[in-house]
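Only a predicted model underlies this, so the values are computations on that prediction, with no experimental measurement involved. Sequence lines set the chain letters: A, B, ... in the order given, protein chains first and strands last, and positions in each chain run from 1.
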There are 2 protein chains.
Amino acid sequence: MRPEPNLTHLMRHVLKNHRFHVDRLIRDYDVFPGQPPLLLRLSDNDGLSQRELADSKGVKPATLTVMLQRMEKTGLLRRSADEKDQRVSRVHLTDKGRRAAEAVRQAMDEVETRCFEGFLPEEKLLLRRFLLHMQDNLASWSPDES
Amino acid sequence: MRPEPNLTHLMRHVLKNHRFHVDRLIRDYDVFPGQPPLLLRLSDNDGLSQRELADSKGVKPATLTVMLQRMEKTGLLRRSADEKDQRVSRVHLTDKGRRAAEAVRQAMDEVETRCFEGFLPEEKLLLRRFLLHMQDNLASWSPDES
DNA sequence: ATATTATAGTTAGCCGACTAACTATTTTAT
DNA sequence: ATAAAATAGTTAGTCGGCTAACTATAATAT
C-alpha cells in the first residue's frame, strides 16, 4: 500500500529536514530561510552585483530584488550604485550582516557534519559523483527532444 | 575563487532542474509545480482525508487547504464531508484530475529515466542508502542536544 | 453529564520562487 | 550620431511553504 518513494522524493525530504535544522540554529539573527546562501556568498565576496548574486544562487533577478529589499530593511546589508555603470547596484554586508553570516557559517557546518555522520570520505565522493551525473543528465536535456 | 559547492547545495540544484522538467512536460494540464505528488497520491488512493494527504506529502495542513482550494477551482478534484466524522473532508479526483494524473505519471517517469540515465541499478541502490542515512541522521537530531 | 482536551480544517499574513511587463542605462549597428 | 538592441533592476501577480490564531466536531475525563 505504501509505494517505495522514489529517489527524488526522498531527496526533497532530506533537504527540507536540512533546512529546518539550519533555520533552527540561526533563528535569533533575523535571518530567513532563503538567506543563508546569500549571506555566505557576500561574506566571501563583498560588493557583488545583484546579477552576480542571482546567478550564484541560481535564482531569478526578480526574486533577489525582493529578498534584498527585506534584508536591507532588517539591516543585514546595504546597496549602492556602481560608479562606472549606473545600472548595477552593488551589495555590501553591514556589521550585523557579518555577524549573521558568521552564525550561518557555523550552523551550516554543524548541520552538514550531522547530516553526514557515519559517512566515509569515499562515500561522500561517490554521492557527489552521483549528483553531478544527475545534474548533467538533466541540464543537457534540451526541451526539444522527445 | 569558486568554492566547491557543498553536497546539499548541489542537491538543491538537481531538484530544481528536476522540477523544471516535470513542469515543462505537464504545463498543458492546469497542473502547477507542487501538485504532481498530490495527483499521484490521489490517483493511487482516492478519497483520502486532507490530514492523510498532508502527512503523505510532508506538508502542513494549512498549506494543503490552499492548494486544494485552487485545484478544486481548476476542476481537478472535489471535496466531500465524511459521513461518520463531520470534521474530515475527503478528496476525490474528477475525470480531468485523473487525466492530469496520468500525464503527471508519464512525465515523472520520463524525467526520472533521464535523470538516472547511465546509472547502474546498484548505484541507485547506493544512492538510496546514502539518502536514507542522511535522513536518519537529521531526523534523529533532537533540538535539545548541542 | 458536563467540561476538558484533542483533532480536522480554515484564514491571515509572511517568505521564497517564478513569469511577464516595465524603466533606466549602456552597447552596438548602421 | 542616432536608432536599435542588450543588460540591470523593479513591480505586480501567482503558486508553494510556513506559523499563529481561529472554528467546528469528536473523544475523554472527572
Side-chain angles (χ1 to χ4, degrees), chain A residues 9 12-13 15-24 26-27 29-39 47-74 76-91, chain B residues 9 12-13 15-24 26-27 29-39 47-74 76-91:
Chain A
H9 185 286
R12 269 178 227 288
H13 215 255
L15 285 184
K16 178 178 276 195
N17 224 318
H18 185 279
R19 168 167 289 197
F20 169 81
H21 281 295
V22 173
D23 282 1
R24 185 173 58 75
I26 58 175
R27 70 162 61 112
Y29 289 86
D30 279 346
V31 175
F32 292 89
Q35 300 171 3
L38 232 53
L39 289 171
L48 288 175
S49 73
Q50 297 191 194
R51 174 86 250 170
E52 289 165 332
L53 274 174
D55 289 346
S56 161
K57 191 167 187 292
V59 126
K60 293 287 174 286
T63 302
L64 203 71
T65 294
V66 180
M67 287 184 63
L68 293 180
Q69 285 169 347
R70 287 192 191 113
M71 293 171 80
E72 195 163 24
K73 198 177 302 177
T74 57
L76 291 169
L77 52 83
R78 60 192 169 74
R79 290 179 287 175
S80 57
D82 184 295
E83 293 183 352
K84 294 184 184 154
D85 187 337
Q86 293 298 107
R87 291 172 304 181
V88 333
S89 82
R90 309 217 155 264
V91 184
Chain B
H9 185 285
R12 269 179 227 287
H13 214 256
L15 285 185
K16 178 179 275 196
N17 224 317
H18 186 278
R19 169 167 288 197
F20 168 83
H21 281 294
V22 174
D23 281 1
R24 184 173 59 74
I26 57 173
R27 71 162 61 111
Y29 289 86
D30 278 348
V31 175
F32 291 89
Q35 300 171 2
L38 231 53
L39 288 171
L48 287 176
S49 74
Q50 297 190 197
R51 175 84 251 170
E52 289 164 334
L53 274 174
D55 289 346
S56 161
K57 192 169 186 294
V59 125
K60 291 289 175 284
T63 302
L64 202 69
T65 293
V66 180
M67 288 184 63
L68 292 181
Q69 284 168 348
R70 287 191 191 114
M71 295 171 80
E72 196 162 23
K73 199 177 301 176
T74 58
L76 291 169
L77 52 83
R78 61 192 168 72
R79 290 179 287 174
S80 57
D82 185 295
E83 294 184 351
K84 295 184 184 155
D85 188 336
Q86 293 298 106
R87 291 172 303 181
V88 334
S89 82
R90 308 217 155 264
V91 184

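Side-chain N/O atoms of A/Arg19 include none lying less than 4.0 angstrom from OP1 or OP2 on C/dG16. Taking 4.0 angstrom as the limit, A/Thr63 places none of its side-chain polar atoms (N or O) nearer than this to OP1 or OP2 of C/dG16. Put simply, A/Gln35 has no side-chain N or O that comes within less than 4.0 Å of OP1 or OP2 on C/dC15.
The nearest whole Å value for the distance from the CZ atom in B/Arg79 to the C1' atom in C/dA8 is 12 Å. Look at NZ on B/Lys84: it is 18 Å from C1' on C/dT7, rounded to the nearest Å. Atom CG in A/Asp85 sits roughly 6 Å away from atom P in C/dT27 (whole-Å rounding). What separates CG of A/Leu68 from C1' of C/dA17 is a distance of 14 Å, to the nearest Å. One atom, NZ of B/Lys16, and another, C1' of C/dC18, lie 9 Å apart when rounded to the nearest Å. Following rounding to the nearest Å, B/Arg51 (CZ) and C/dA6 (C1') show an atom-to-atom distance of 12 Å. Separating the CG atom of A/Asp23 from the C1' atom of C/dC14 is a distance of 14 Å, rounded to the nearest angstrom.
Judged purely by atom type and a 3.5 angstrom limit, A/Lys57 has no side-chain atom pairing as donor or acceptor with the backbone of A/Leu64.
Along DNA chain C, the nucleotide closest to A/Lys60 and the one closest to B/Glu52 are compared, and the more 5′ of them pairs with B/Glu52. If A/Gln86 and A/Pro33 are placed on DNA chain C by their nearest nucleotide, the residue sitting closer to the 5' end is A/Pro33.
Look at B/Arg90 and B/Glu52 and you find a salt bridge, because one of the NZ, NE, NH1 or NH2 atoms lies within 4.0 Å of a carboxylate O, short of that distance. At a threshold of 4.0 Å, the pair B/Arg27-B/Asp23 does not count as salt-bridged, since none of the basic side-chain nitrogens sits closer than that to a carboxylate oxygen.
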Can you give each donor-acceptor pair under 3.5 Å made by side-chain atoms of residues 66-73 of chain A, sequence neighbours left out, with the distance rounded to 0.1 Å?
from, atom 1, to, atom 2, distance (Å)
A/Glu72, OE1, A/Arg79, NE, 3.1
A/Glu72, OE1, A/Arg79, NH2, 3.1
A/Glu72, OE2, A/Arg79, N, 3.2

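A 4.5 Å side-chain heavy-atom check between A/Pro36 and A/Ile26 finds at least one atom pair inside the cut-off. Inter-residue side-chain proximity for A/Lys16 and B/Val59 is flagged as met; some heavy-atom pair is nearer than 4.5 Å.
The side chain of B/Val88 lies closest to C/dA8 when the candidates are C/dA12, C/dT25, C/dA8. Nearest to the side-chain atoms of A/Arg87 among the listed nucleotides C/dT25, C/dC18, C/dG16 stands C/dT25.
Close approach of DNA chain D to chain B, defined as any atom under 4.0 Å from a non-hydrogen atom of the protein, starts and stops at D/dC15 to D/dA26.
Of all heavy-atom pairs between B/Arg51 and B/Pro61, the closest is NH1-CG, 3.7 Å.
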